[in-house]
Amino acid sequence: ALLTDNGVEFTYREYRKEPLTEAELRDVLGLLGVGPQAILRKRDKAYAALGLTGAESDDVLIGHMANHPTLVQRPIGLNDGRAAIGRPVESLLALVS
């Protein structure tokens with residue numbers, strides 16, 4: 001509602017039906033300037049089920065995130081070669097200003 005209330009047009013991607021690929025995750029991480037640990041949802045049940053510690057290699061974490069998209073913090077906004085994690089959601093507005 002925040003984006004709509006501010007007149008921002010956007011396309012929503014249903015992350016469970018259309019998860020990010022490993023290549024897309026790498027691109028997003030590059031735009032964010034962070035490693036996968038920064039967007040890893042440690043409270044997700046897949047995190048515990050997979051026995052993750054957060055200390056795994058970037059490649060391992062990215063692979064798990066591609067296969068278990070609920071492990072990825074969301075929302076993540078992308079616009080004109082920039083990215084922002086929507087926590088808090090107001091940070092997404094920086095992509096359109």
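Throughout, residue positions are numbered sequentially from 1 according to the sequence presented.
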Enquirer: To the nearest 0.5 Å, how far apart are CG in Leu52 and NE2 in His68?
Expert: 8.5 Å

Enquirer: Between Tyr47 (side chain only) and Gly54 (backbone N and O only), is there a donor and an acceptor less than 3.5 Å apart?
Expert: yes

Enquirer: Would a single hydrophobic cluster contain both Leu93 and Ile85, if residues Ile, Leu, Val, Met, Phe, Trp and Tyr are joined by side-chain heavy-atom contacts under 4.5 Å?
Expert: no

Enquirer: Provide the closest heavy-atom pair for Ala83 versus Leu31 in the form atom of the first, atom of the second, distance.
Expert: CB-CB, 3.7 Å

Enquirer: Check salt bridge (Lys or Arg N to Asp or Glu O under 4.0 Å) between Asp59 and all other residues, then give those that pass, not counting sequence neighbours.
Expert: Arg26

Enquirer: Taking C-beta and beyond as the side chain, do Leu78 and Val28 meet within less than 4.5 Å on heavy atoms?
Expert: yes

Enquirer: Do the side chains of Leu95 and Val8 get nearer than 4.5 Å, heavy atoms only?
Expert: no

Enquirer: So how far is it from Arg82 CZ to Asn79 CG, rounded to the nearest 0.5 Å?
Expert: 6.0 Å

Enquirer: Any sub-3.5 Å donor-acceptor pair from Arg87's side-chain atoms to Arg74's backbone N or O?
Expert: yes

Enquirer: Supply the atom-to-atom distance Leu92 CG to Ile76 CD1, rounded to the nearest 0.5 angstrom.
Expert: 9.5 Å

Enquirer: Spell out, as yes or no, whether a donor-acceptor pair under 3.5 Å connects the side chain of Tyr15 to the backbone of Pro75.
Expert: no

Enquirer: Within a radius of less than 6.0 Å around CD of Glu9, do more than 12 heavy atoms belonging to other residues, nucleotides or ligands occur?
Expert: no

Enquirer: side-chain contact (heavy atoms from CB on, under 4.5 Å) between Ile62 and Leu29: does it pass, once the steps are laid out?
Expert: CA-CA 10 Å; Ile62 290 169; Leu29 291 167; 3.8 Å; yes

Enquirer: Is any side-chain heavy atom of Met65 closer than 4.5 Å to one of Leu20?
Expert: no

Enquirer: Please check if the side chain of Arg13 supplies one atom and the backbone of Glu18 the other of a donor-acceptor pair under 3.5 Å.
Expert: yes

Enquirer: What's the spacing between Glu90 CD and Asn6 CG if we round to 0.5 Å?
Expert: 9.5 Å

Enquirer: Can you find a pair of side-chain heavy atoms, one from Val72 and one from Arg41, that are under 4.5 Å apart?
Expert: no

Enquirer: Could you tell me whether the side chain of Thr4 reaches within less than 4.5 Å of the side chain of Phe10, counting heavy atoms only?
Expert: yes

Enquirer: To the nearest 0.5 angstrom, please state how far the CD atom of Gln73 sits from the CG atom of Asp44.
Expert: 9.5 Å

Enquirer: Are Tyr12 and Val96 linked, directly or through intermediate hydrophobic residues, by side-chain heavy-atom contacts shorter than 4.5 Å (ILVMFWY only)?
Expert: yes

Enquirer: Just by distance, do the side chain of Ser91 and the backbone of Ala84 share a donor-acceptor pair under 3.5 Å?
Expert: no

Enquirer: Below 4.5 Å, heavy atoms only, C-beta onward: do Leu71 and Leu50 meet side chain to side chain?
Expert: yes

Enquirer: Under 4.5 Å between any side-chain heavy atoms of Glu56 and His64, yes or no?
Expert: no

